[in-house]
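Every chain is numbered from 1, with letters handed out A, B, ... down the list of sequences.
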Amino acid sequence: MKNGQEVIYTEKKFFLSVAVAAAMHILVIAGAVFFQIWQVRQPLKPKIVTVTFVSLHASGASADLSPKKSGAEKLPAPLPPSPPAPAPLPQPLLKPVPKPIVQESTPVKKRVVEEIPVSKTADKPEPMQKTLERLQQSVAKKTASSSTPSSGTLNTALSRLQQKVQSEGGGGGQSGARGLGPAGTYKAAIASIIQEQWEFSGRMLKNREGMEVYVRINISSDGKIRQIIFDRKAVSQYLNNSVKKALEKSSPLPVPPKELLSSDLWVGFVFTPEGIGQ
Amino acid sequence: MADSKFGIISLISDAGPVVLLVLGLLLSFSVVSWAIIVFKFGYIRNSLNESKAFLDYFFEVYNVEKIFAESENFKKGSLPRVFRSGYAEYMALGSQSDLRQSRARIARAIKREANAECKRLSTLVPFLATVGNTAPFIGLFGTVWGIMSSFHTIGLTQSASLSAVAPGISEALVATAAGLAAAIPAVIAYNYFTQQISIIERDLEEFASEFVAVFINEP
């Protein structure tokens, strides 16, 4: 009798231990999940990276070689050897002013420095001021001659583009949106959103045959994707999955325009490894 | 949207049925082994503490009646239990004058109770050894299965990109991690309990003869 009671007591105690252990596990798992959620929600502090920008002007480099800067700026000095055309320009400047830092740059440069004075200055060394003036003039001429055609080309290209846009009716830049009004614009907009969300690399595919996915999506009035219908799937499950994920990620889409709200809105896309077509 | 599926939740939700089964089994193993750890830790600690206190009193008093009266206060100790069973046998002898027979009967009763006590102490402890030995292998099985199915999926998708390979493998590795998480505490606890139980067993063996002597020498 006493033994039986003891056994019951022991069993009770063991079941209590089981309950404690189960609670402990639940706590640990819940703690791990919450810790992960907390970690994900923590704002990431980006590392501070100091970046120094150095502008490299192929022809304009010589223009900066004023008497004040030539001695102080050591970094641009090794750069002139790469472009062959402007090489003669800095040479007269370097020769009369003995700057060991500039001359010690590379052996190639040294050779050029020695050649130039023979042809240009001959036996009479010109004064520093005159040389500088002549240098600045030549640089000004060069920059003027080089900038004029480029700006002209840019302007003509811009005007041509504007004309093209006007002739096409200003369709927002997307090929599918051309001349289709708000529906086309909306379609183009959602296509670009889906394209952004689409994580797919065509290089991962073995062959490109049959790699087309025809998809229709049903968009609700609040922009959410209600239904995704695959009219045709690709051979690669990877492509199919990536399309599905992209569409899921894109939801909710922007709210459709009022003209489209009345009817059941279905939009179709063709996904190929090259991109999204409509 | 993407943030809602990550870490443990996504690893478990994306795992296959076999891996889920393995994880469930390992979780139940872990729960039971922790229950045993909690239960046995209290049981063995109480037994050791009370045995020690009882022995102090035993050598201090050396009187059967008094010791028995005091032993009633040590309900959870192994040594007091064994002593009480010897006392019960001693009382059952009554006025028997055969000293040799009485000694043998008391010694037998003490030994029987000591054995029962050893059994009681080591109940459920072998389960810890089982978990410690098998859980890593069960986890490994889940991992192997998960990697198998992962490679199968990779073959179907015709893609060997890291994004296609890594999720399946990481899901599969959860099973090994779970196996180790279940096995490590079980092995530690098993070694600790085995050592503690062996101490109690040694005490029982050592003091059994002392108890017999107390009963027999008592006028």
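For residues 26-45 of chain B, heavy-atom neighbours of chain A at less than 4.5 Å comprise B:Leu27, B:Ser30, B:Val31, B:Trp34, B:Ala35, B:Ile36, B:Val38, B:Phe39, sorted by residue number.
Taking chain B as the reference chain and counting heavy-atom pairs below 4.5 Å, the highest number among A:Ala32, A:Ala19, A:Ala22, A:Ala21 is found for A:Ala21.
Aromatic ring centres of A:Tyr214 and A:Phe230 lie farther apart than the 6.0 Å criterion allows.
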Next on the checklist: Between B:Val144 and B:Phe141, does the side chain to side chain contact (heavy atoms under 4.5 Å, CB included) criterion hold? Intermediate values first, please.
Outcome noted: CA-CA 5 Å; B:Val144 169; B:Phe141 168 73; 5.8 Å; no
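Note on A:Arg232 versus A:Glu212: salt bridge recorded, some NZ/NE/NH1/NH2 to OD/OE distance being below 4.0 Å.
Remark: B:Ser122 engages B:Ile197 in a side chain to side chain contact (heavy atoms under 4.5 Å, CB included) (not counting sequence neighbours). Scanning for side chain to side chain contact (heavy atoms under 4.5 Å, CB included) contacts around B:Phe207 gives B:Leu55, B:Phe59, B:Leu79, B:Asp203, B:Glu210, B:Phe211, with sequence neighbours left out. A:Ile26 pairs by the side chain to side chain contact (heavy atoms under 4.5 Å, CB included) definition with nothing, not counting sequence neighbours.
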